[in-house]
Engineer: 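Here's a structure for you.
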2 protein chains.
Amino acid sequence: MTPTIKDVAAHAGFSIATVSRAINAPHTVNPVTLAKVREAIDALKFHPSPFGRQLRGERTRLIGVVLPTLANPVFTECLQGIDELAAAQGFRLMLMTTLYEEQRERRAIETLRAQRVEGLILTVTDADTHPLLDDLDDNGPLYVLMHNDTKQRPSVSVDNHEAASEGVRMLIAHGHRRILMLAGSLSASDRARQRHAGYSHAMRQSGLIPAPALEIDFNADELAPSVLAHLTSGPQRPTALFCSNDLLAMVVMRGLRRVHMRVPQDMSILGFDGLAVGELLAPPLASICTPNRAIGRSAWQRLMARIGGEHASETLGFTLPHTLREGGTIAAISNAPLVHAVHTARDGDDVDFP
Amino acid sequence: MTPTIKDVAAHAGFSIATVSRAINAPHTVNPVTLAKVREAIDALKFHPSPFGRQLRGERTRLIGVVLPTLANPVFTECLQGIDELAAAQGFRLMLMTTLYEEQRERRAIETLRAQRVEGLILTVTDADTHPLLDDLDDNGPLYVLMHNDTKQRPSVSVDNHEAASEGVRMLIAHGHRRILMLAGSLSASDRARQRHAGYSHAMRQSGLIPAPALEIDFNADELAPSVLAHLTSGPQRPTALFCSNDLLAMVVMRGLRRVHMRVPQDMSILGFDGLAVGELLAPPLASICTPNRAIGRSAWQRLMARIGGEHASETLGFTLPHTLREGGTIAAISNAPLVHAVHTARDGDDVDFP
DNA sequence: CTGAAAGCGCTAACAA
DNA sequence: TTGTTAGCGCTTTCAG
């Protein structure tokens with residue numbers, strides 16, 4: 001079927017060794033011979049099989065990318081960054097998604113390992129407690145986490161805790177006091193938990209009482225009644241929502257529109273991720289922006305450095321700067337002065353609104 | 001470094017053939033032996049190298065996916081569909097992007113061919129005139145186009161001409177007469193041209209005069225002055241814009257907001273692609289919706305059918321149904337009755353507004 | 001400068 | 001049931 005080096009050799013009238021040299025070390029073969037071999041290669045449309053080569057222990061130039069989902073642009077934006085550098089540097093990308101399921105994460109890593117990828121870029125559910133990552137540390141391949149914010153492992157991320165704090169402080173500066181955090185599924189994401197911790201920190205700094213994050217069903221067309229109850233419960237209702245990511249923020253805003261709450265007049269919204277589409281919304285979505293493509297590119301560079309022999313410790317908890325996009329979804333509100341009475345709030349307390 | 005079948009054989013005290021059988025045909029080996037071999041495999045964390053296998057001519061279970069860009073969700077939505085089935089069926093995906101550049105399209109195909117992919121799913125700039133596709137037809141691998149709407153080659157798409165016509169008829173039914181089509185770059189996409197033809201057809205059907213598509217720079221933050229001039233030129237300005245894709249529509253809407261034109265009060269907008277995010281906008285983006293994930297899944301199924309031996313002719317120009325999303329970006333306008341005087345307009349004429 | 005031959009990891013006859 | 005061996009496409013000594 002596909003021509004092999006033998007076919008080329010026969011066609012050109014030389015040995016397979018000469019053909020191999022013509023391909024891999026052209027300067028070592030007689031120009032006339034070289035020309036004939038090249039002619040044969042073209043005539044047969046020969047492409048050296050990577051398998052023969054890799055069997056000899058050559059590099060695969062193959063990198064595995066493991067993402068939770070392609071439905072959230074935050075990951076495809078990262079993937080774009082990765083793809084840019086991979087293409088430029090002649091690497092191939094093998095892509096797998098996990099839907100945040102541990103079993104699929106496991107299977108993806110197994111599959112990619114079996115393919116002999118030279119390295120792995122991945123976003124996992126929970127970086128610190130993940131047994132698979134210990135396995136990767138021990139048995140390879142080399143990897144870099146992306147968007148998992150941990151000091152324990154090679155990773156590229158923003159400082160989720162600090163970024164969330166800043167965002168919430170900004171809300172507070174705009175006069176908000178009753179600020180609620182919404183998350184897709186806290187248990188599914190270390191990032192969501194870190195962001196909630198940042199939220200809690202900022203709240204306490206201002207003498208406010210943080211509330212537990214409210215979990216939202218991403219896929220539902222409408223907000224659940226229990227959620228709506230939280231958002232619309234009279235004078236003590238929150239005036240601002242901090243959403244653990246932009247996609248969630250957009251889903252929530254749709255839900256609010258359906259019950260005729262206006263953003264930002266009736267409710268301010270702050271997202272997290274800085275999705276490109278957020279800027280295209282009307283009003284533009286306020287967000288704590290992570291530089292997603294840069295994170296992808298940086299993860300690639302850290303991985304290449306590791307492959308080049310750099311020690312893992314050099315890449316532990318690599319942090320990129322975040323920025324605040326103060327979009328139109330946040331309204332300033334006039335408010336009673338800060339209630340400094342609530343000094344009993346301690347770190348670790350997560351109490352509901354009174 | 002990584003253990004081989006030999007290491008396992010030595011560790012277990014059997015021959016490599018037995019190990020191979022233990023892996024590939026467990027029922028043909030003595031249970032006791034099997035147990036020992038498996039123990040050795042676990043102990044050494046052995047994973048059979050795909051190269052040895054594939055060298056033997058086995059299937060690679062590798063599919064190449066070639067997309068113009070990951071920046072437009074229409075493609076990542078398709079990719080999601082592909083990924084769903086690929087994962088379920090135990091195939092691996094190799095991903096490359098082309099940025100609509102012929103040279104990168106060529107390189108992607110070469111690379112994937114060299115990797116011995118069993119098939120290719122791709123979206124190209126122009127399906128009918130593409131020399132690379134003739135090459136694929138002649139020399140493999142098997143492929144299916146995605147979103148390229150052509151009867152000449154294996155492809156999965158919607159009927160762009162008909163879909164665009166319907167969309168424009170809907171605008172006309174809402175009272176619009178001066179309808180302009182906007183495109184990213186007509187020359188870069190056969191789809192944009194087909195959609196423009198559909199637009200022209202619908203306009204003429206109603207006795208209206210189609211205008212040439214106006215090309216928009218996707219990446220500019222603001223609309224070009226020449227474009228704005230077209231959109232705001234006094235009483236003859238268009239009342240509705242048909243954008244060749246949703247991402248463009250969103251960019252255009254942002255441009256309009258910047259010059260204080262309101263959507264839909266001052267300008268109606270119709271997109272094409274049915275991006276999921278479009279539904280999250282306020283107001284929701286009206287769009288001619290292509291079932292992107294289904295297109296991805298369908299392309300996968302057609303490809304598998306071809307790999308399974310089905311003839312290419314079975315998959316030529318496979319068309320999926322589109323739907324119309326009459327979102328909030330379209331306003332009905334009262335208007336003078338249809339001007340049926342313009343019967344001189346013929347197919348093929350593309351004249352500007354008078 | 002070129003060719004013969006070994007060997008990479010694996011599977012599949014064929015033998016035992 | 002298990003082992004021996006040839007060979008998949010390629011690169012790389014080592015001779016010539």
Engineer: Can you list every pair that meets salt bridge (Lys or Arg N to Asp or Glu O under 4.0 Å) and has a residue in residues 77-101 of chain B, with sequence neighbours left out?
Structural biologist: B:E84-B:R293, B:E84-B:R297
Engineer: For residues 34-42 of chain A, tabulate all N or O donor-acceptor pairs below 3.5 Å that involve a side-chain atom, not counting sequence neighbours.
Structural biologist:
none

Engineer: Within the 4.0 Å limit for protein heavy atoms, which parts of nucleotides 6-12 of chain C are touched? Write it as a string from 5' to 3', B for base, S for sugar-phosphate only, - for none.
Structural biologist: BBBBBBB
Engineer: Could you verify whether a donor N or O on one side chain and an acceptor N or O on the other, from B:N292 and B:D273, lie under 3.5 Å apart?
Structural biologist: no
Engineer: Looking only at the side chains, is there a donor atom on one of A:E105 and A:T125 sitting less than 3.5 Å from an acceptor on the other?
Structural biologist: yes
Engineer: When you measure from the side chain of A:S298 to the backbone of A:I295, do you find a donor-acceptor pair of N or O atoms at a distance under 3.5 Å?
Structural biologist: no
Engineer: Assess the residue pair A:I63 and A:E118 against the criterion (side chain to side chain contact (heavy atoms under 4.5 Å, CB included)); give the C-alpha distance rounded to whole Å, side-chain angles, the decisive distance to 0.1 Å, and a yes or no.
Structural biologist: CA-CA 6 Å; A:I63 300 293; A:E118 291 187 28; 4.3 Å; yes
Engineer: Think A:R306 forms a cation-pi with A:Y143, using NZ or CZ under 6.0 Å from the six-ring centre and within 45 degrees of its axis?
Structural biologist: yes
Engineer: Would you say B:T18 reaches D:dG3's phosphate, i.e. side-chain N/O to OP1/OP2 under 4.0 Å?
Structural biologist: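 Result: yes.
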Engineer: For the helix from C:dC1-D:dG16 to C:dA16-D:dT1, how many degrees between its two end axes (five pairs per end), to the nearest 10°?
Structural biologist: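 About 40° separates the two local helix axes.
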Engineer: For a salt bridge (charged side-chain N to carboxylate O under 4.0 Å, His left out) check, start with the C-alpha distance between A:R113 and A:E110, then their side-chain angles and the critical distance, and finish with the verdict.
Structural biologist: CA-CA 5 Å; A:R113 204 200 314 258; A:E110 285 310 312; 3.4 Å; yes
Engineer: Please list, in numerical order, the residues of residues 27-38 of chain A that have a heavy atom closer than 4.0 Å to any atom of DNA chain C.
Structural biologist: A:V29, A:N30, A:T33
Engineer: Just to verify, what does A:T150 make a side chain to side chain contact (heavy atoms under 4.5 Å, CB included) with, not counting sequence neighbours?
Structural biologist: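 With sequence neighbours excluded, A:T150 shows a side chain to side chain contact (heavy atoms under 4.5 Å, CB included) to A:A127, A:D128, A:L145, A:Q152, A:R153, A:S155, given in chain and number order.
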Engineer: Is atom NZ of B:K151 surrounded by more than 12 heavy atoms (other residues, nucleotides or ligands) closer than 6.0 Å?
Structural biologist: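 Buried by this count: over 12 neighbours within 6.0 Å.
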